[in-house]
Novice: 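Right, I'll just put the structure down here and ask away after.
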Amino acid sequence: MIEFNFLIPIEDTIFLFSAALLLISAVLVIELRSHVYAAFFLEMVGLANAVLFALQGLALIAIFQLVVYVGATVTFILFSVLMFKEAKPVKPRFKLLDLLIGAGIAGLLAVGAFSIYKVSPTAGKPSLDVTLPEKIVSEYGLALFLVFFTLLTTLIEALVLARREVSS
Amino acid sequence: MGLLTNLVDHLKAIGTGLKYLIPRRLTLMYPEYVEKLPEGYRGYLRYDNEKCIHCSLCARICPANAIKMYRGGDKKLRPGINYTRCIFCGFCADICPTGALEYTTIQDIAYEKLEDQVYPPEKFAKGVPQPVYPEKPIFIIAKVDEERGLKYDRV
Amino acid sequence: MYDLINYLWETGLNLLFSPEIFEPLVFPGLIAAFSLLIVVIWLERKIAAIIQMRYGPYYISRHTEGALQLVADLLRFLFSEVIIPKSVDKIAYVLAPIILFAFTFLPIVVIPVSKDFAAIDHEYSLLIALALMTLYSSFLLIVSWASNNKFSFIGGLREGFLSLSYEIPLIISALSAAVLFDSFNLIEIVEKQAAMGWGIFYNPLAAIVFLVVIIYSTSRYPYEIAEAESEIVIGPFTEYTGILFGLGMGISYIKLYSMSLLYAVLFLGGWEPVVWPLNLHPVLPGIILFIKAFIIVAFSVFLRAVYPRYRIDQALRIAWWKLFTLAFLSLLFSYGIKIIEVMG
Amino acid sequence: MINPYLYLLISSVLFGIGVYGILSKRNMIRMLLSAEILFNSALLALVSFTSYTKNVYGYFLVFLAVGIAAAEVGVLVSLAILLYRRRGDIDVMEVDKLKG
C-alpha cells in the first residue's frame, strides 16, 4: 500500500462537485420541459445528497438514501412519468413573485440556521455509526416494525389505487 | 409443497440440459461436406428436347406457374422454366407422357442475378446446371439411426 | 538520470499495483471483465449450439472452435458507423448507455480480491455494493426512453416492472448472509466463512434466492423479458448501432459478472482456500474468486439452452410471491441459526 | 473538514428552489418533483445537524423520514396516474372541475 498525497484537497473537491450537482440538478428539475429529464435530475439530486451525507460521516444513511430513495422511489417516479404523455406546452406565467418568495424563504432559513448554529468545526467522524444496527434492533425494534408496516400498507394502498379501473 | 415439486422440476430441466452438453452435432458443415441425395429426390429438372411432344401438359399442371411454353423457331411449343417461381413439386415430371422432364438430385446452385434463373427452352435443353464447390467436398449419406435419430456416413 | 528512471519505474509500478488503481482497472475490474465478456458470450453461443446439436461460432479460428468470434464482433462494432437517428433525444441517447455502463461497473470496485487487497475497505461494503446495483434500472429507463422507439420503450417498461420486484428479494437475501456472518464488511464475511464453512451450506435458501435473483435481474434466460429478441428486437438497445450497441450488449453481462463476484464472496467462501502459490501476493487469491464467479456466470448463460421465456406476469408473480417470501424465510432462517449458535 | 454551516446553506438554497418550483408550476408531476426537492433539503439539514451534534436520535429520524417519503411517493404517484386516467391530463388547476 502506498500513501497518496493529493495536491488538491480531495474532500473539498468532492464537496464542491456534489453541491454544484445538487443545486444545478434541482434547478433543472424545475425548469426542464421534459418530465422524464426532470425525474432523471431528481435522481441526480438524491445521488448528490447521498454523497453529501457520506461526506459528513454518515455512511449508513447515505447507503439507505441510495437504496430506498434513489434506487426505488425515484426509479418508481421515473417509471411512472414515462407512462404519461409529454406535457403540452403551457404559456409562461409571471413567475418573478414566486422566485422572490423562494429566495426570501431560502434567505430566512440561511440566516436562521446561522443564528442557531454556532460555527465551530467539529473534529473526527461520529463514532456512533458502529453501534447503530444493534441499537435499531434492540431499542427501536417497534419503530422499525412500524416503518416496515407503513411502507407495506402504503405500497398496497398505492397498488390498489393504481389498479382501480375507470368506471365511467 | 408445490414449491418443492417445482424445484425438482427445475432441477430435472437443468439435468436434461447438462445431459445434452456432450457434442453430438446434427448440422452438416456444408461446403466441406455435401450430402449425397437419395434417388427420387426432387431437385432441378432435366429437359430432353428430343422426347418432348409439345403437349404443354407441364405448363398446365404447374401450380406455381413456373413453366411457360415458348414458341421456338420451328413453330413448336416447348417448355421453359423460371426457377425463381418453381416449388420443386415435381408435378411436371410426373405428368410428362414421354418422360422428357425428369428429376435430378442436384439442388444447391447459386446465381448471381435473378435473370439467370429463367431458363428458356434452348437453355433448358442444354442440361442441368452443376453446383460449384470451393474445394473438393466429402460426400456423405444420411441414415436413420435408432439411438440418435440421424447419422452421417461417408460415401 | 538512471536513478530518476528507476524511481519513476518503481513508483509507477507501485501505483499500478496499489489496490485503488489495480482493482478497478485490471483485476477484477475493466480488463478482467472485458476478457470475461469475450469468453462468456462465445461460451453462451457455443453451449446453446451444442445442446441444440449445432456447431455455433466456428469459422473464425477453426482450431479453437471459433473462440475469437467475439473479438471479430467487437472489431466490427468498433469500426462500424454510429448512426444517430433523427427522432431520438440526442444527449440522452449518446450519454445514457455510457453512464449506464459506468454505473454497472461500479459495484466491482467495492468487492475485495483478498484479505489485504481491496480498493475500498469499508465497514458497510456489502451495502455499498447493493446500493450501487440498484441504480442500474433507472439509467436503463432513460436509455429506452431516449431512443424514441416502440420496442425499446416496451423493453424499458418491462425492465422497470422487473426491477421494482427483484430489488427487494436481492437486498433481503444478501442481508440474510450479513446476518449469518454478523457483518456488513465483505472481507470479514469471507474470514468468517473461512472459519465456519461456506455460506451456501449454512443458508441454502438465501443462496438459491440470490442465484435466482442474479438470473432474474441480468435478464438471463427464463427471465429474458426486457430484451426478448423474438418479441421486441433487443429491448432498450433496439435503436443503437456500432460501439454503443456493443456497450449495450455487454452491460447485462458486466452486471452478471459483478453480481456473481458478490455471490461468490457471500455464499461460496470468496477467495478461500488460499493454498501455496496463491499466498505469494495479495492479488493471487483473486484467481479463486474469479473462477468461482466464472462458474456462476457460465451456469447462468447455460440456462439459455434449457428454458423458454416466462411471460412478464408470470415473472412478476414469481418475484412477489415466491422470491419475496423465500427471501423473508431465509432471513428468519439466518436469525434461527444465530439463535442456535448463541444458545449452544 | 468542511464548515458545517455550508451544508445548511446548501440546504436553504435547495429549499428556496423547491418552494419556487412548487409555486410556479401547475403540473401535478412537476409539483411532486418540487416537493421531493423540499424533502431532500430537509433531509440534508437533518443529517448535517445529526452529524454536528452526534446524536443517535437524529439517525432514527432520518431513517424514518426516508422510509415514509418512499411510501408517500408511491401513493402520490398512483394518485397522479389515477387522475391522468380519468382526465387525460395532470393539470392541478383543472382538478377542482373534477366531478363524480
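All chains are named by letter (A, B, ...) in the order of the sequence lines, taking the proteins before the strands, and each is independently numbered beginning at 1.
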Novice: Evaluate the ring planes of A:Phe15 and D:Tyr7, with Trp represented by its six-membered ring, and classify them as parallel (under 30°), tilted (30 to 60°) or perpendicular (over 60°).
Specialist: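 Because their plane-to-plane angle is over 60°, the rings of A:Phe15 and D:Tyr7 count as perpendicular.
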
Novice: Measuring heavy-atom distances to chain A, does D:Leu43 have an atom under 4.5 Å in its side chain, in its backbone, in both, or in neither?
Specialist: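 It is both, since atoms from each part get that close.
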
Novice: Rounded to the nearest 0.5 Å, what separation is found between the CG atom of D:Leu44 and the CD atom of A:Gln65?
Specialist: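 So the CG of D:Leu44 and the CD of A:Gln65 are separated by 9.5 Å.
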
Novice: Quick one: pull up CG in D:Leu14 and CG in A:Leu22 and give me the separation to the nearest 0.5 Å.
Specialist: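 So the CG of D:Leu14 and the CG of A:Leu22 are separated by 5.0 Å.
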
Novice: If I compare all heavy atoms of D:Val13 with all of A:Leu23, which pair ends up nearest, and what's the gap?
Specialist: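 The answer is CG1-CD2, 3.9 Å.
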
Novice: So, taking the atom named CG in D:Leu6 and the one named CG in A:Leu55, what distance separates them when rounded to the nearest 0.5 Å?
Specialist: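 Interatomic distance, D:Leu6 CG to A:Leu55 CG, rounded to 0.5 Å: 11.5 Å.
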
Novice: Can you measure from CG (D:Leu33) to CG (A:Leu28) and round to the nearest 0.5 angstrom?
Specialist: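 So the gap between those two atoms works out to 12.5 Å.
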
Novice: Taking all non-hydrogen atoms of both residues into account, name the closest pair between D:Gly21 and A:Ile30 and its distance.
Specialist: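 So the minimum-distance heavy-atom pair works out to CA-CD1, 3.6 Å.
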
Novice: Show the nearest heavy-atom pair for residues D:Ile10 and A:Ala19, with the distance to one decimal.
Specialist: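 Between these two residues, the closest heavy atoms are CD1-CB, 3.4 Å.
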
Novice: Relative to chain A, which segment of D:Leu9 carries a heavy atom at a distance below 4.5 Å: side chain, backbone, both, or neither?
Specialist: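 It is the side chain, since no backbone atom gets that close.
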
Novice: Minimum heavy-atom separation for A:Gln56 and D:Ser48, please, with both atom names.
Specialist: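 Minimum heavy-atom separation between A:Gln56 and D:Ser48: OE1-CA, 2.8 Å.
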
Novice: Which one, D:Val66, D:Val19, D:Asn40, D:Ile37, leads in non-hydrogen pairs under 4.5 Å with chain A?
Specialist: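 Greatest number of close heavy-atom pairs with chain A: D:Asn40.
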
